[in-house]
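Data first, discussion second: the structure below is written as structure tokens.
In what follows, every chain begins at residue 1, and chains take the letters A, B, ... in the order their sequences are listed.
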There are 2 protein chains.
Amino acid sequence: MPVATTLTELQDQIRARYGDLSKRLQQVACYVLDNNNSLAFDTIKVIASQADVPPSTLIRFAKAFEFTGFNEMKQLFRKNLVEETVSYTDRARLFQDLESNQKIREKPSHILQEFARVNSQAMNQLAAQTPENKLEAAIDILSKAENIYLIGLRRSFSIASYLTYALRHLERRAFLIDGLGGMFKEQLSMVGPNDAVLSISFSPYAEETVTLSEAASQAGAKQIVITDSQISPLATFSDVCFVVNEGKVDAFRSQSASLCLVQSLAVALAFKQGKAQEI
Amino acid sequence: MPVATTLTELQDQIRARYGDLSKRLQQVACYVLDNNNSLAFDTIKVIASQADVPPSTLIRFAKAFEFTGFNEMKQLFRKNLVEETVSYTDRARLFQDLESNQKIREKPSHILQEFARVNSQAMNQLAAQTPENKLEAAIDILSKAENIYLIGLRRSFSIASYLTYALRHLERRAFLIDGLGGMFKEQLSMVGPNDAVLSISFSPYAEETVTLSEAASQAGAKQIVITDSQISPLATFSDVCFVVNEGKVDAFRSQSASLCLVQSLAVALAFKQGKAQEI
DNA sequence: TAATAAATGAAATTTTTATTTCATTTATTA
DNA sequence: TAATAAATGAAATAAAAATTTCATTTATTA
């Protein structure tokens with residue numbers, strides 16, 4: 001029997017062989033099957049005392065399932081725990097380590113596959129980590145705003161322009177600050193306390209975005225921010241701040257999670273307005 | 001200031017004191033705020049090398065926030081990860097049971113979760129169904145084109161604008177047809193046989209996109225098309241046609257798969273050009 | 001039941017990890 | 001700019017972990 005590479009696999013193996021294990025190993029098996037978090041986090045010593053066996057038995061157990069040591073087995077539990085929440089940055093790095101074959105890494109289909117994988121993970125993480133009340137707060141701001149200004153430059157421009165499109169379809173007064181004709185400031189000059197500004201900016205933070213956000217903040221407008229770090233310069237002015245951990249393939253940062261967030265906001269707003277029409 | 005007892009508390013403290021920290025400690029602060037999973041799992045050595053500081057700095061950081069050592073701080077991250085996983089699982093189950101409950105279906109967090117799920121599926125399907133040779137062909141066209149014109153209106157504008165941004169960063173001569181000043185035709189008037197046109201359009205197909213594509217085709221330019229059906233009007237003129245099946249939440253069609261495709265094209269092109277710089 | 005094999009656990013050993021120390025660099029202040 | 005303080009990082013040390021060893025117990029079988 002080959003060594004298990006996922007937690008599910010391992011659990012199946014344990015159940016299959018349970019009857020043949022010695023008394024002590026059965027005791028370990030029970031603990032292992034029922035305490036995933038403990039296995040992921042605790043040291044051998046702690047696990048041993050909780051499962052009421054000596055440490056050496058744990059190592060015997062791991063070796064009985066073809067692992068080179070207890071730590072190797074432990075990795076399955078960690079991987080499993082992380083899968084639901086991992087920042088895809090870490091995963092991508094891991095993948096690089098394993099996948100040293102340059103020829104394969106550069107194949108377009110492989111890149112597409114990697115992006116799909118990485119983006120899935122990033123979006124699921126976003127969904128798991130974004131608290132209900134932040135979303136509610138953002139939607140509340142958007143639904144009450146007289147005018148909504150969208151700021152997103154360079155890399156973030158596409159996201160901002162999508163949201164503008166969606167908001168317009170919801171018949172909201174949405175204005176995309178695009179700096180056409182160099183008129184950044186002019187485009188925001190009418191912003192007031194009844195308005196909302198949604199800014200999107202990722203490192204390296206576009207200077208104009210920060211300046212404009214600050215200006216809007218001083219004008220008393222409500223601020224929603226989408227950014228990539230808790231200490232983004234934009235976070236300071238924000239009423240609601242979404243920190244999005246985007247996926248990466250090599251050095252290439254994705255945008256999917258941000259797009260997903262923005263779409264969700266638009267759809268939730270549509271429901272709130274009772275306008276469930278197509279976007 | 002008392003020692004933090006939850007991750008949120010710690011994050012607040014870090015943000016509050018960020019400005020007063022030394023350069024190295026700020027560097028640690030950034031890493032700590034943005035890499036929860038790494039903090040929960042990795043050893044000091046690993047974290048230190050990823051944050052690019054010596055191990056001792058990490059311990060200084062922990063002590064600066066009143067912890068007795070780094071491990072004490074680490075516990076907050078572990079606790080948080082475990083709690084998060086639990087609530088995530090619970091939520092998922094809850095929604096399955098109550099799928100028909102309108103109140104829940106309209107909750108923003110549910111919408112976000114649904115989009116994440118649906119988009120993951122769509123992207124993975126895209127990756128699985130897009131043949132290598134189509135990708136190769138598209139990249140070949142892009143890499144040989146003298147000028148690249150991007151057409152995407154309304155819903156597709158954000159995707160087109162993202163690709164324009166990416167191509168510009170790869171130092172390709174990319175031009176976004178945005179119809180500024182009503183000059184659609186004029187923007188495309190210079191297109192010739194050595195150029196490529198990439199059109200993006202989904203049902204209902206924007207009339208201008210179809211017209212422009214046709215014109216470009218007659219001018220002898222290579223055509224890459226991203227659309228949602230084999231029988232899209234654009235498919236006719238195309239040299240390479242990607243059919244993307246986007247995810248939907250209720251009637252709301254997503255864009256993630258298209259974005260994923262477009263990013264993959266850009267990255268693959270970057271590799272081909274040997275310019276693996278950040279996009 | 002005696003002889004043998006398998007399982008077990010305490011303790012020693014090895015390995016890894018966290019922490020401290022201290023010489024050096026960098027920033028601040030007089 | 002000299003003097004002083006703060007910050008830094010390499011390397012030593014301390015602590016803790018994982019693993020192995022081996023004497024002892026328990027089970028198996030001739």
Between [atom2] of [N] and [atom1] of [X], the distance in whole Å:
X        : N       : atom1 : atom2 : answer
Phe61(B) : dT19(C) : CZ    : P     : 14 Å
Ile44(B) : dA17(D) : CD1   : P     : 13 Å
Met73(A) : dA18(D) : CE    : P     : 12 Å
Phe70(B) : dT17(C) : CZ    : P     : 13 Å
Ile59(A) : dA12(C) : CD1   : P     : 17 Å
Gln26(A) : dA7(C)  : CD    : P     : 12 Å
Lys45(A) : dT16(C) : NZ    : P     : 19 Å
Leu58(B) : dT8(D)  : CG    : C1'   : 13 Å

(message) Ignoring hydrogens and geometry beyond distance, is the side chain of Thr57(A) in donor-acceptor contact with the base of dA7(C) at under 3.5 Å?
(response)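 No pair found.
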
What does [N] pair with, Watson-Crick or G-U, if both distances are under 3.5 Å?
N       : value
dT13(D) : dA18(C)
dT29(D) : dA2(C)
dT24(D) : dA7(C)
dA18(D) : dT13(C)

(request) For Thr43(A), report the nucleic acid contact type (base, sugar-phosphate, nothing); a contact means any heavy atom under 4.0 Å. (result)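 The residue Thr43(A) makes sugar-phosphate contact but no base contact.
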
(request) Would you indicate what Ser22(A) reaches in the nucleic acid, counting non-hydrogen atoms under 4.0 angstrom: base, sugar-phosphate, or nothing? (result)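 It contacts sugar-phosphate atoms only.
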
(message) Does a side-chain N or O of Arg60(A) approach OP1 or OP2 of dT8(C) to a distance below 4.0 Å, or not?
(response)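 Answer is no, no contact under 4.0 Å.
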
(request) Compare side-chain N and O positions of Lys23(B) against OP1 and OP2 of dA6(D) and report whether any pair is under 4.0 Å apart. (result)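 No, outside the criterion.
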
(request) Examine the side chains of Tyr162(B) and Gln255(A) and answer whether a donor and an acceptor come within less than 3.5 Å of each other. (result)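 Absent: no donor and acceptor within the cut-off.
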
(request) Would you tell me whether Thr211(A) and Glu207(A) have side-chain atoms, one donor and one acceptor, within less than 3.5 Å of each other? (result)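 Short answer, no.
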
(request) Verify the ring-centre separation between Phe41(A) and Phe41(B): is it less than 6.0 angstrom? (result)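 Centroid separation for Phe41(B) and Phe41(A): below 6.0 Å.
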
(request) Could you tell me whether Asp20(A) and Arg17(A) have a side-chain N and a carboxylate O separated by less than 4.0 Å? (result)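 No.
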
(message) Does atom CZ (Arg154(A)) have a neighbourhood of more than 12 heavy atoms from anything else shown, all under 6.0 Å?
(response)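 Open.
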
(request) Between dA18(D), dA18(C), dG9(D), spot the one nearest the side chain of Arg24(B), thanks. (result)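 Nearest nucleotide to the side chain: dG9(D).
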
(request) Please tell me which of the listed nucleotides, dT19(C), dG9(D), dT8(C), lies nearest to the side chain of Lys63(B)? (result)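 Minimum distance to the Lys63(B) side chain belongs to dT19(C).
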
(request) Compare every heavy atom of Arg78(A) with every heavy atom of Ala40(A), then report the nearest pair and how far apart it is. (result)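 Shortest heavy-atom separation between Ala40(A) and Arg78(A) comes out as O-NE, 3.0 Å.
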
(message) Pick the closest DNA chain C nucleotide for Ser56(A) and for Pro55(B) by heavy atoms, then say which residue is nearer the 5' end.
(response)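 The answer here is Ser56(A).
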
(request) For Asp52(A) and for Glu72(B), locate the closest nucleotide of DNA chain C by heavy-atom distance; then report the residue assigned to the nucleotide nearer the 5' terminus. (result)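 It is Asp52(A), whose closest nucleotide lies nearer the 5' terminus.
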
